[in-house]
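Predicted, not measured: the structure shown is a model, and the values here were computed from it. Indexing begins at 1, ligand by ligand and atom by atom, following the structure's order.
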Amino acid sequence: MNIRLDKQRALVTGGNSGIGAAIALALAEAGAKVGVNYVSHPDLAQDIVNRIQAAHGEARSFRADVSQPDAVADMFASLDEVWGGIDILVNNAGIDGRRALAWEAAFPDWKRVIEVNLLGAFNCAQQALKRMAPQKSGVILSITSVHEIIAWSGYSAYTASKAGLSMMTRTLAQEAAPYGVRVLALAPGAIKTPINQAVWSDPQGLKDLLTKIPLNRIGTTEEIARMAVVLVSDAASYVTGRTIFADGGMTDYPGFAHGG
Ligand code: BGC
């Protein structure tokens with residue numbers, strides 16, 4: 001199956017690094033026009049735009065802190081000006097925050113994770129739906145994590161944000177379905193990106209991590225990006241209101257491969 005997204009107008013939040021950058025490149029390769037949102041490191045965003053344009057694709061970078069509703073509204077207004085709207089939103093921007101047990105966590109750190117991961121995704125989804133519902137088409141894909149269902153000591157804000165994003169996805173899918181708009185989520189497991197570099201670059205950390213992954217390897221950003229392209233395309237036209245896991249089996253309770 002050759003998946004094409006020609007003429008589709010896409011926006012990827014946090015599209016300048018890690019999984020977001022890979023998704024931006026993959027959407028463009030499938031023919032979509034791609035908005036690369038970023039909040040810091042404009043050089044990285046420009047690099048993704050340059051790579052897309054070098055391959056004869058269409059791309060633009062858009063700076064906005066997704067946690068700020070006004071900045072998000074401005075970004076969508078810019079998208080309207082440039083491409084006349086949006087067909088695909090990938091809510092990818094996210095942070096995991098400082099590791100801290102709940103009773104040691106600092107309120108501003110906890111709050112910031114929720115603001116970016118959950119409120120940020122809502123702000124963008126709201127703007128996207130305002131446009132997608134009237135045009136009666138569109139897809140919103142939010143990148144969650146295996147930690148929408150796996151507890152993770154030291155990361156209560158992160159797990160709460162991802163679980164919240166999962167349920168928000170299901171509710172928005174219900175609201176948008178009568179308009180032909182799909183809303184779904186993609187939950188990666190351990191993917192080699194800057195967010196978890198401290199773990200995979202440390203031999204002990206990597207060894208421990210691999211015991212949690214039945215396929216016995218860390219995933220690549222391209223593997224997540226390929227899945228994202230499938231999910232936003234018509235190949236997944238009957239899929240909405242759900243999270244699809246791409247995690248090498250991490251959520252398959254690998255501890256039960258023996259004993260029990
Ligand atoms: C986190 C990574 C982690 C992975 C699996 C992701 O959501 O961002 O740091 O390796 O989950 O635990």
Side-chain angles (χ1 to χ4, degrees), residues 12-24 37-41 44 66-67 90-102 105 109-122 141-169 184-228 231 242-257:
V12 183
T13 67
N16 60 341
S17 85
I19 290 172
I23 292 176
N37 158 261
Y38 68 98
V39 65
S40 56
H41 300 295
L44 295 182
V66 292
S67 72
V90 180
N91 275 322
N92 164 81
I95 55 174
D96 56 6
R98 217 190 306 259
R99 181 167 209 154
L101 297 174
D109 292 342
W110 215 96
K111 184 164 161 259
R112 187 66 190 144
V113 173
I114 301 292
E115 280 173 356
V116 175
N117 297 6
L118 187 53
L119 300 184
F122 177 74
L141 176 68
S142 292
I143 307 303
T144 60
S145 162
V146 288
H147 297 297
E148 68 164 72
I149 58 169
I150 300 180
W152 194 14
S153 175
Y155 290 100
S156 54
Y158 185 72
T159 56
S161 74
K162 295 299 187 177
L165 187 48
S166 161
M167 203 58 203
M168 184 184 94
T169 295
L184 69 170
L186 173 57
I191 309 302
K192 197 170 187 179
T193 72
I195 210 174
N196 52 7
Q197 185 165 2
V199 177
W200 52 258
S201 59
D202 164 54
Q204 266 317 106
L206 179 62
K207 197 170 161 221
D208 173 71
L209 181 57
L210 291 182
T211 66
K212 299 171 166 62
I213 310 171
L215 287 185
N216 202 37
R217 64 176 177 84
I218 298 198
T220 66
T221 55
E222 290 75 19
E223 287 177 300
I224 300 304
R226 282 204 299 270
M227 199 64 208
L231 292 174
R242 277 288 149 190
T243 295
I244 283 72
F245 287 81
D247 64 357
M250 197 179 236
T251 46
D252 198 24
Y253 295 97
F256 275 84

Near Y158, which atoms of ligand 1 are under 4.0 Å from a heavy atom of that residue? 1 (C), 6 (C), 7 (O), 8 (O)
Could you establish whether K212 and ligand 1 come within less than 4.0 Å of each other, counting only heavy atoms on the residue side? no
Enumerated ligand 1 atoms positioned under 4.0 Å from heavy atoms of M250: 5 (C), 12 (O)
Heavy-atom count check: over 12 atoms from other residues, nucleotides or ligands less than 6.0 Å from R98 CZ? no
What atoms of ligand 1 come within less than 4.0 Å of a heavy atom belonging to S145? 6 (C), 7 (O), 11 (O)
Would you find a donor on one side and an acceptor on the other, under 3.5 Å apart, between the side chain of D247 and the backbone of V146? no
Is the shortest distance from a heavy atom of V199 to ligand 1 less than 4.0 Å? no
Take I218 and L206 through the test side-chain contact (heavy atoms from CB on, under 4.5 Å) and record every step on the way to the result. CA-CA 9 Å; I218 298 198; L206 179 62; 3.6 Å; yes
Note the single closest protein heavy atom to atom 4 (C) of ligand 1, along with its residue, its atom name and the distance in Å. G189 O, 3.7 Å
Distance-only, no hydrogens or angles: does the H41 side chain make a donor-acceptor pair with backbone N or O of L44 under 3.5 Å? no
Using the salt bridge (charged side-chain N to carboxylate O under 4.0 Å, His left out) rule, collect all pairs that involve residues 186-210, keeping only residues at least two apart or in two chains. D208-K212
Could you tell me the residue and atom name of the protein heavy atom closest to atom 2 (C) of ligand 1, and the distance to it rounded to 0.1 Å? N196 ND2, 3.9 Å
One should read off an interatomic distance between F245 CZ and I150 CD1, to the nearest 0.5 angstrom, of 8.0 Å
Are the side chain of T13 and the backbone of A93 linked by a donor-acceptor contact shorter than 3.5 Å? yes
Contact region, K162 to ligand 1, non-hydrogen atoms below 4.0 Å, reads neither
Protein heavy-atom partner closest to atom 11 (O) of ligand 1 - residue, atom, separation in Å: H147 CD2, 3.2 Å
Salt-bridged, K111 to E115, with N to O below 4.0 Å? yes
Report yes if some N/O of D96 lies less than 3.5 Å from some N/O of ligand 1; otherwise report no. no
Geometry only, no angles: is W152 polar-contacting ligand 1 at N/O separations under 3.5 Å? no
